[in-house]
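Everything on this sheet refers to the single structure shown next.
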Number of protein chains: 2
Amino acid sequence: MTKRALPPVVARMWGRDTGSRHGPRPSLDLARIIDAAIGIADREGLAGVRMSSVAAQVGMATMSLYRYVGSKDELLTVMADAATPEPPTLDGRPWRVYLAAWTQANRDFLVDRPWLLSLAHHTPPTGPRTLRWLDRALTALAPTELDLGQRINIASTLTGYATTQATLSHSMITAAAATATATTSAAGDGSITGLADYGDILDQVLDPEDYPELTAAVRSHAFGTAEKWIDDADFTFGLDLLLDGIETLITRRG
Amino acid sequence: MTKRALPPVVARMWGRDTGSRHGPRPSLDLARIIDAAIGIADREGLAGVRMSSVAAQVGMATMSLYRYVGSKDELLTVMADAATPEPPTLDGRPWRVYLAAWTQANRDFLVDRPWLLSLAHHTPPTGPRTLRWLDRALTALAPTELDLGQRINIASTLTGYATTQATLSHSMITAAAATATATTSAAGDGSITGLADYGDILDQVLDPEDYPELTAAVRSHAFGTAEKWIDDADFTFGLDLLLDGIETLITRRG
DNA sequence: AGGTACAGCGTACGAGATACAGAGTACCGG
DNA sequence: CCGGTACTCTGTATCTCGTACGCTGTACCT
């Protein structure tokens, strides 16, 4: 009736396999393929994940993978969920303490596997792992009397924050590395200049008239070095901003 | 000395062209190419942006584009900045009012051009447009006595929030559409069932034992329909959370 | 006037995803 | 116990794209 067929990707993520047992038994399971793909992504980045490379990793022919996944996109989607760890356990902690840990853990695994950032946009959360994160956040907020809509919003906001921070530190590091590379080929002398700061680039490019405050920020080294962006201080600073906002909301309503 | 060559992409974004005038004059400028590419992305999405399609659009041969951009990646990077509008003008508004408008405008243009979301991760902000957004936020916060590091953090957090919200509504809409498509081919009857709700999918898949709060949320229709995710109410709710947090910080310090 | 650096472009190649078809295999019903 | 059939695995072929290379002509320089 109202029950419609699930999108194939979703079905596979939840192990809803229509197992009409006939013919030869499959020699692998989806899990092994996913593990192989994740391993490659960890080692070489998303670009290294080709149908051929994954197949080679599990010892099959390229086309055999299509018995297990409908397309490369589908593989990536399933990978993304599988690569997400379990959320921290609640252990009766108060919401603020738990959500701080939750958000931090969220950022941490994104920093560990930056390739997850590139997959985030394509799919809404429909995998078991991702949804468990959401469920735990809702649970932590259950005692607060906030309605479910608000709780969902809070969870999304915090995930967003984690993602943003992870993206930021990742792109800073990447940029620094890329600049270092590009710089190498610049002039007659072949000396490698090391990691160029993001601030350096901005400084060369900004017109102080047009970007007054930003110029000041660059000049005062507010961007710091690449390492600054992995530092926890900045992260918790912003996180506290958010948690303060949530706390304001809760007390206002209590 | 300390002055190093800029990465080529960055140089081009700022119009630093090494103009050694010799030979035939270029028959186009980079701007026209970028406009064409943006037009295609708006119409067909990022997937429609091929070197060949862009070239066709401006009436040139594919390979001619490489006189203007170093690679497709470079084109995409430059596109992303060019497609970003100017930030709202400050007009002497207090920081909270301005930043609310700023964040909303930020989200709005991401919703207008969802393909910008897919490009956000690859590059740190180094384009004139993107940096102007940052500068304006810093300017709005100038009267607050916060130091530049904190102001930068606040700006990043708000951009992140805008991005998250835009991503969310976009992926919800996409998911609904995709489900509708996938559903069509399901059973014997060929009737198209229309847009399936995100909640519907979750409901079919969740085990109430494992996802207690989430199940409750789905059952109480807290996810609403696809339209809900474009609604401003949710957006401003979360935004106020953030702004409250920032306000707390400011008063605490003042 | 003639040289040279640079614009535009046709062709060719290589990577990577996937359609298709053939060959073998294990469970089915009889 | 046997043919049939659905399903597995795989090799080959194709199609789409990005981009290296080299040719041709042109306009500015001296």
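As the structure is a prediction and not an experimental result, all values here were calculated from the model. Residue numbering restarts at 1 for every chain, and letters A, B, ... go by the order of the sequence lines.
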Worked verdict on B:F235 versus A:N153 for side-chain contact (heavy atoms from CB on, under 4.5 Å): CA-CA 9 Å; B:F235 177 77; A:N153 256 289; over 6 Å; no
Answer yes or no: does a side-chain N or O of A:Y66 lie under 4.0 Å from OP1 or OP2 of D:dT8? no
Under a 3.5 Å distance rule, please check whether B:W102 uses its side chain to pair with a backbone N or O of B:W133 as donor and acceptor. yes
All side chain to side chain donor-acceptor pair (under 3.5 Å) counterparts of B:D108, not counting sequence neighbours: none
Could you tell me which residues satisfy side chain to side chain donor-acceptor pair (under 3.5 Å) with A:R219, sequence neighbours excluded, listed by chain and number? A:D203
Using a strict heavy-atom distance below 4.0 Å, which residues from residues 41-64 of chain A are in contact with DNA chain D? A:M60, A:A61, A:M63, A:S64
Criterion side-chain contact (heavy atoms from CB on, under 4.5 Å) on A:D42 and A:W115, from CA distance to verdict: CA-CA 8 Å; A:D42 283 342; A:W115 50 270; 3.0 Å; yes
May I ask you to decide if A:L214's main-chain N or O and B:D135's side chain share a donor-acceptor pair within less than 3.5 Å? yes
Spacing of A:L28 atom CG relative to D:dC7 atom C1', expressed in whole Å: 15 Å
Taking only residues two or more places apart in sequence, or in another chain, which ones meet A:Y211 in a ring pair (Phe, Tyr, Trp, His ring centres under 6.0 Å)? B:W14
Do B:Y68 side-chain atoms and B:A31 backbone N/O form a donor-acceptor pair below 3.5 Å? no
Output the rounded distance in Å from CG (B:L65) to P (D:dT19). 11 Å
Please tabulate the protein-to-nucleotide N/O contacts below 3.5 Å involving nucleotides 1-4 of chain C, giving atom names and distances.
none

Mind calculating the distance between OH (A:Y68) and P (C:dA17) to the nearest angstrom? 19 Å
Report the C-alpha separation of A:V69 and A:V78 in whole Å, then their side-chain angles, then the decisive distance to 0.1 Å, and conclude whether the side-chain contact (heavy atoms from CB on, under 4.5 Å) test is met. CA-CA 9 Å; A:V69 294; A:V78 183; 5.7 Å; no
Between the first and last five pairs of the helix from C:dA1-D:dT30 to C:dG30-D:dC1, the angle of the axes, rounded to 10 degrees: 10°
Step by step, work out the side-chain contact (heavy atoms from CB on, under 4.5 Å) result for A:E44 and A:R50. CA-CA 11 Å; A:E44 313 170 32; A:R50 277 152 271 155; 4.1 Å; yes
Gap between atoms NZ and P, on A:K72 and C:dT18 respectively (whole Å): 8 Å
For A:R67 and D:dT10, is the shortest distance between a side-chain N/O and OP1 or OP2 below 4.0 Å? no
Donor-acceptor pair, distance only, cut-off 3.5 Å: does the side chain of A:T130 make one with the backbone of A:T126? no
